[in-house]
Amino acid sequence: MANTFYNEILTDHNIHPTHKYKLEDATFSLEGVNPSCGDDVVLYIKVNDENTIEEASFFGDGCAISQASADMMCDLIIGKSKEEALRLSDIFLRMIKDTITPEEKEELEEAGILEDIHHMPARVKCAVLGWHTMDQIFKDADEGKIDKYDGKFEQ
Amino acid sequence: MSEITKEIRQAEDERIRKDFPILDGSFTYLDNGATTQKPECVLEAVDNYYRTMNANPMRGLYKLSLDATEAYEEARETVRSFINADSTEEVIFTRNATESLNLVAYTYGRAFINEGDEVVITIMEHHSNMIPWQQLCKEKGAKLTYIIPDEDGTITEEKFRSYMNPHVKLVSMTHISNVLGVKNDVKTFARIAHENGAVFSLDGAQSIPHTKVDVQDLDVDFLSFSGHKIYAPMGIGVLYGKKALLEKMPPFLFGGEMIEYVTTEGATWNELPHKFEAGTVNDGGAVGLSAALKYVSSIGFDRIEERELHLTKLMMEEMKKLPYIHILGKEAPEDHHGIVTFTIDGVHPHDIAAIFDEHNVDIRAGHHCAQPLMKFCHTPSTVRASIGLYNTEEDVYKFLDALKKIRSEMGYQD
Ligand SMILES: Cc1ncc(COP(=O)(O)O)c(C=O)c1O
């Protein structure tokens with residue numbers, strides 16, 4: 001099993017995701033789709049009155065990278081403010097497309113294991129799907145575009 | 001046929017592998033349904049064309065241009081003989097199967113399909129033999145009907161017949177499915193279509209590399225295929241059409257050698273086949289295609305079919321022992337023509353392809369440009385291994401070794 005990209009952390013998040021379920025009382029939800037490969041996840045976010053992400057979950061189909069990445073993202077953003085979540089997303093997306101500092105990578109916790117994706121151009125879209133969907137949720141929410149259980153976008 | 005012993009097979013493997021410089025043993029190529037590798041003789045023929053004969057064919061009145069023209073027309077004759085067309089006038093060079101299929105839809109279709117007419121295709125068509133007809137039918141107000149095969153991909157004669165009615169003016173279907181590997185009984189279907197007064201167009205993209213395609217025996221009206229899937233360079237393809245039909249069809253693209261005479265008021269069209277070959281042609285590609293067809297003929301379809309079936313059997317037998325693998329299409333390897341499309345429980349096709357890649361095995365993942373068929377098979381995407389004439393038992397074992405590791409690499413304890 002030399003140098004496989006599919007390490008235990010990744011496969012574990014894929015096979016036994018912590019946050020893969022439909023969140024019935026979500027504040028926001030949005031479906032993100034990669035039309036070319038068929039990855040399809042709905043992201044659910046529940047924000048409380050103190051502007052803290054109380055709960056985050058996802059549901060859908062896709063490759064291990066899209067699924068594990070979304071699960072790790074949910075792990076990371078629960079308990080954070082919207083601004084903090086968006087800052088982490090910015091770090092993640094820079095990591096996938098370019099490079100980040102070791103301190104920044106530390107902040108991503110387990111999601112840092114996806115760093116090597118930037119050598120795998122065909123898989124970038126899989127890794128960023130959940131994160132783009134979250135960015136879009138907060139963007140659309142700011143513009144008053146989405147409430148509950150609607151919305152779909154293709155990245 | 002005498003028995004093929006292990007020794008004979010190995011000697012043949014070695015001989016064939018030596019013909020393909022890219023196959024240096026560092027990777028296992030099983031994506032022949034997408035495109036094939038090129039033998040030395042094809043590379044040499046193209047190289048030789050550009051080194052010694054290159055000029056604009058048909059245009060120049062000097063020796064080099066005449067050489068280039070001769071090379072081009074010789075290539076046309078090789079294609080004619082390979083598919084047993086009646087005359088070289090019926091052989092049109094295009095870029096690929098997609099362009100050939102579009103040519104039929106744009107010219108024959110635009111001229112002869114009218115409102116209220118019906119075009120019949122199948123649900124197993126490649127997008128290249130589906131979207132041109134969707135567009136045509138939309139434009140014309142014609143009806144597009146899809147033959148739905150049995151679960152395993154079979155289209156029986158009875159089923160085909162049930163789609164015929166007086167409105168059906170054209171049938172276009174694939175000879176071999178690029179996903180299921182199943183071969184359609186096009187000889188029978190073409191006969192029935194003709195009895196019904198319809199024209200029969202065949203997509204031979206996946207059959208031409210694997211089996212003898214004789215247009216007169218099958219009695220099809222059009223045949224489309226790509227050079228690159230039969231060991232020739234990319235960018236050269238063929239449309240065969242019966243002369244009587246080609247003659248009454250309007251041209252496809254305008255300009256260049258397809259014109260006979262031009263005035264400021266208009267133009268008249270050159271004779272067949274040039275009428276359908278606008279602009280400067282791909283002479284180097286045609287020469288490469290000719291070399292490839294000669295190469296395939298030198299090995300012969302008897303050997304090619306036996307080699308490919310032998311490997312398909314080996315591959316499918318081993319795969320069937322793994323309960324988490326599901327092969328699309330029919331049970332018998334004879335019905336696969338070297339194409340084995342499958343899914344693995346719990347592992348997404350893109351991850352499967354990525355793990356195969358880690359083991360240097362090249363296979364295809366995705367919807368294979370046949371999304372309606374994927375839907376019919378209840379899966380958004382699958383993985384496909386497809387065999388070519390140069391593949392060996394060793395390739396299949398490397399594929400199987402990687403395959404058996406996939407579930408455990410993905411964290412499953414089987
Ligand atoms: C059945 C079938 N038809 C048509 C095509 C299109 O061939 P090309 O892309 O060379 O035009 C393919 C290629 O994958 C095919 O498998």
Side-chain angles (χ1 to χ4, degrees), chain A residues 1-18 20 31-42 58-72 75 96 110 113-130 152 154-155, chain B residues 26-27 31 34 127 131 179 324 326 328 341-384 398 400-414:
Chain A
M1 227 182 283
N3 67 37
T4 175
F5 171 77
Y6 293 91
N7 61 37
E8 218 177 301
I9 301 176
L10 195 151
T11 58
D12 200 51
H13 275 281
N14 177 43
I15 302 180
H16 309 293
T18 318
K20 188 170 177 174
E31 182 179 4
V33 180
N34 283 330
S36 58
C37 59
D39 293 337
D40 186 336
V41 301
V42 182
F58 72 100
F59 201 75
D61 295 312
C63 66
I65 294 174
S66 71
Q67 302 288 295
S69 183
D71 200 49
M72 292 189 282
D75 261 353
I96 298 294
E110 281 185 333
I113 64 156
L114 293 172
E115 189 175 19
D116 285 344
I117 293 279
H118 78 247
H119 302 303
M120 306 161 79
R123 307 310 292 278
V124 165
K125 279 193 156 190
C126 314
V128 301
L129 180 61
K152 175 166 171 169
E154 294 183 348
Q155 67 166 17
Chain B
S26 66
F27 64 99
D31 195 14
H127 293 164
I131 318 303
V179 177
Y324 50 79
H326 310 282
L328 271 64
T341 300
F342 60 98
T343 56
I344 301 181
D345 286 342
V347 190
H348 190 279
H350 279 172
D351 298 315
I352 301 174
I355 296 175
F356 271 119
D357 178 47
E358 288 177 355
H359 293 272
N360 300 314
V361 176
D362 301 345
I363 49 97
R364 173 79 179 265
H367 54 57
H368 316 293
C369 301
Q371 284 175 323
L373 177 62
M374 292 289 102
K375 202 165 173 193
F376 173 74
C377 298
H378 309 293
T379 169
S381 95
T382 58
V383 187
R384 178 184 73 190
K398 282 186 180 155
L400 292 168
D401 282 349
L403 180 72
K404 287 171 189 165
K405 290 183 187 135
I406 289 174
R407 283 209 21 122
S408 75
E409 289 198 16
M410 289 304 292
Y412 291 98
Q413 269 114 33
D414 287 320

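A note on names: the letters A, B, ... follow the listed sequences, proteins ahead of strands, and every chain is numbered from 1.
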Over all atoms of both residues, closest heavy-atom pair of B:His350 and A:Arg123: O-NH1, 3.3 Å
Cut-off 4.5 Å, heavy atoms of chain B, and the answer for A:Asn7 is neither
Whether over 12 other heavy atoms sit under 6.0 Å from B:Asn360 CG: yes
Using side-chain heavy atoms (C-beta onward) and a distance below 4.5 Å, is A:Asp39 in contact with B:His348? yes
Might you point out which heavy atoms bring B:Asp351 and A:Ile65 nearest each other, and give the distance in Å? OD1-N, 4.1 Å
Kindly give the heavy-atom pair with the smallest separation between B:Met410 and A:Thr11, and that separation in Å. O-CB, 3.3 Å
Check: A:Tyr6 main-chain N/O paired with B:Glu409 side-chain donor or acceptor under 3.5 Å: no
